[in-house]
J.: 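I am attaching a structure below and will ask some questions about it afterwards.
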Amino acid sequence: MISLRGRRALVTGASRGIGEATAKLFASLGAEVAVHYHRDEAAAERVVGAIETTRGTARAFQASLATWDEGERLVAAVEAAMGPVDTVVLNHGVWKEAAIDAMTAEQYDETLDANLRGYMSVAGACVRRMKPRRSGRIILIASTAGQRGEALHSHYAATKGAAISVTKSLASELAPFGVLANCVAPGWVATEMSADALADEAGRAKVFGAIPLGRVARPEEIAWPIAFLASDAATFITGEILNVNGGAVLIG
């Protein structure tokens, strides 16, 4: 029932995890997909190859989005190669532990630059193109950490809380131009990023015990809600924070 046929989508951080699942799903629903990566070109090309194997259309694009100007360069490169981008999924980022009393400026900058500066720069580059077209979708990926906080990850939680606020701000700012901004806030997901935290039995038991559904999500279970917000089933939704966390954080 959901179709993205005729769409061109840019998915940041699409070489693995939620981004990879989203890129593959979007392609299976008919979209042409720009697969962004930071360092791992081989992983991004594997995602492109998997999409092409199923007769989808995708290309890989590199950008270091902790640098502001890279957002503009990335979007310009995608549009030059593939045509106008009508949907962007802002998904890239880092998640590293740092207690507040031991956090260094370098740790703070690494997380804020990747997770927030990168979101803002890519969003700005896309909006500069979407506003004249009077159409577009911006979907930010936040986290339960941005809603309830997360011990030893205050810098990460700050960026995800910011993603939620940015979503609401962009929704009201861009609605007159036909651009919709929404957010998906996942809880725990079985990805490479969370693998270490879920590696031992005690850690898994603690995490699973805090989730009413008793397990973590598969990346595909986050990708489908993202696809919903990108589709024509969500043409009257903007500024929404869609929680996908197995009941772990119940926020209206």
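For this chain, numbers begin at 1 and follow the sequence in order.
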J.: How would you list all residue pairs meeting salt bridge (charged side-chain N to carboxylate O under 4.0 Å, His left out) that involve residues 15-26, not counting sequence neighbours?
T.: Arg16-Asp40, Arg16-Glu192, Glu20-Lys24
J.: Would you find more than 12 non-hydrogen atoms of other residues, nucleotides or ligands less than 6.0 Å from Tyr108 atom OH?
T.: no
J.: Would you find a donor on one side and an acceptor on the other, under 3.5 Å apart, between the side chain of Thr12 and the backbone of His36?
T.: no
J.: Among the clusters formed by ILVMFWY side chains lying less than 4.5 Å apart, do Leu152 and Trp95 turn up in the same one?
T.: no
J.: Given Lys96, which of His155, Glu110, Gln107 fulfils the side-chain hydrogen bond (donor to acceptor under 3.5 Å, both in side chains) condition?
T.: Glu110
J.: Find the distance between CG (Leu250) and CZ (Arg148) and round it off to the nearest 0.5 Å.
T.: 10.0 Å
J.: Sequence neighbours excluded, which residues qualify as side chain to side chain donor-acceptor pair (under 3.5 Å) partners of Arg128?
T.: Glu72
J.: Does any non-hydrogen side-chain atom of Trp224 lie less than 4.5 Å from one of Leu29?
T.: yes
J.: Can you find a heavy atom in the side chain of Val216 that is under 4.5 Å from one in the side chain of Ser194?
T.: no
J.: Could you list the residues that satisfy side chain to side chain donor-acceptor pair (under 3.5 Å) with Asn115, not counting sequence neighbours?
T.: Thr159
J.: Is there side-chain contact between Val166 and Met120, with heavy atoms separated by less than 4.5 Å?
T.: yes
J.: Do you know which two heavy atoms are closest between Ala60 and Val48, and how far apart they sit?
T.: N-CG2, 3.7 Å
J.: Are the side chains of Ile141 and Ile226 in contact, using a 4.5 Å heavy-atom criterion?
T.: yes
J.: Indicate if Ile139 and Leu25 have the same hydrophobic cluster label, given that clusters are the connected sets of ILVMFWY residues with side-chain heavy-atom separations under 4.5 angstrom.
T.: yes
J.: My understanding is that only residues two or more places apart in sequence, or in another chain, count here; which of them pass side chain to side chain donor-acceptor pair (under 3.5 Å) with Tyr119?
T.: Lys160
J.: For residues Val35 and Ala58, report the shortest heavy-atom separation together with the two atoms involved.
T.: CG2-CB, 4.3 Å
J.: Main chain of Pro84, side chain of Arg129: is a donor-acceptor contact present, judged purely on distance under 3.5 Å?
T.: no
J.: Restricting to pairs with a member in residues 201-213, which pass salt bridge (charged side-chain N to carboxylate O under 4.0 Å, His left out), not counting sequence neighbours?
T.: none
J.: Is there a side-chain contact between Val249 and Asn243 (heavy atoms, below 4.5 Å)?
T.: no
J.: Return the orientation label for the Tyr156 and His153 ring planes: parallel under 30°, perpendicular over 60°, tilted otherwise.
T.: perpendicular
J.: Do Val94 and Leu116 share a hydrophobic cluster, counting only Ile, Leu, Val, Met, Phe, Trp and Tyr and linking them when any side-chain heavy atoms are less than 4.5 Å apart?
T.: no
J.: Using the rule that Ile, Leu, Val, Met, Phe, Trp and Tyr join whenever any side-chain heavy atoms are under 4.5 Å apart, tell me whether Ile237 and Met130 fall into a single cluster.
T.: yes
J.: Just so I know, are the side chains of Asn91 and Thr22 near enough to count as touching, which here means a heavy-atom distance under 4.5 Å?
T.: no
J.: Atom CE of residue position Met82 - does it have more than 12 heavy atoms of other residues, nucleotides or ligands inside 6.0 Å?
T.: yes
J.: Could you pull out the closest heavy-atom pair between Val47 and Ser15, with the gap in Å?
T.: CG2-O, 3.9 Å
J.: Excluding sequence neighbours, so at least two apart, what forms side-chain contact (heavy atoms from CB on, under 4.5 Å) with Ser64?
T.: His38, Gln62, Glu70
J.: Mark yes or no for whether Ser231, through its side chain, and Ser3, through its backbone, hold a donor-acceptor pair below 3.5 Å.
T.: no
J.: Kindly compute the distance separating OG (Ser121) from CG (Asp69), expressed to the nearest 0.5 Å.
T.: 8.5 Å
J.: Would you call Leu174 and Ile138 a side-chain contact if the rule is heavy atoms closer than 4.5 Å?
T.: yes
J.: Would you compute the distance between atom CG of Leu242 and atom OG1 of Thr167 and round it to the nearest 0.5 angstrom?
T.: 11.5 Å
J.: List the atom of Leu229, the atom of Cys183, and the distance in Å for their closest heavy-atom pair.
T.: CD1-O, 4.1 Å
J.: In the structure I gave you, are the side-chain heavy atoms of Phe61 and Leu10 within less than 4.5 Å of one another anywhere?
T.: no
J.: Nearest heavy-atom pair of Ala23 and Ile51: which atoms, and what distance?
T.: O-CD1, 3.7 Å
J.: As an exercise, state the distance from OG1 of Thr144 to CD1 of Ile211, rounded to the nearest 0.5 Å.
T.: 8.5 Å
J.: Hey, could you give me the CD/CG distance between Glu79 and Leu74, rounded to the nearest 0.5 Å?
T.: 10.5 Å
J.: Look only at the side chain of His92 and the backbone of Ala114, and say whether a donor-acceptor pair between them is shorter than 3.5 Å.
T.: yes
J.: Run the side-chain hydrogen bond (donor to acceptor under 3.5 Å, both in side chains) test on Gln147 and Asn245 for me, step by step, so that the C-alpha distance in whole Å, both residues' side-chain angles and the decisive distance to 0.1 Å come before the verdict.
T.: CA-CA 12 Å; Gln147 297 167 319; Asn245 59 42; 4.7 Å; no
J.: What is the minimum heavy-atom distance between Gly71 and Ala125, and which atoms define it?
T.: O-CB, 3.7 Å
J.: Determine, using the 4.5 Å side-chain heavy-atom cutoff (strictly less than), whether Phe228 and Ile241 are members of one ILVMFWY cluster.
T.: no
J.: Let me confirm one number: the CG-CD distance from Leu180 to Glu240, rounded to the nearest 0.5 Å.
T.: 12.5 Å
J.: Any sub-3.5 Å donor-acceptor pair from Asp86's side-chain atoms to Gly136's backbone N or O?
T.: no
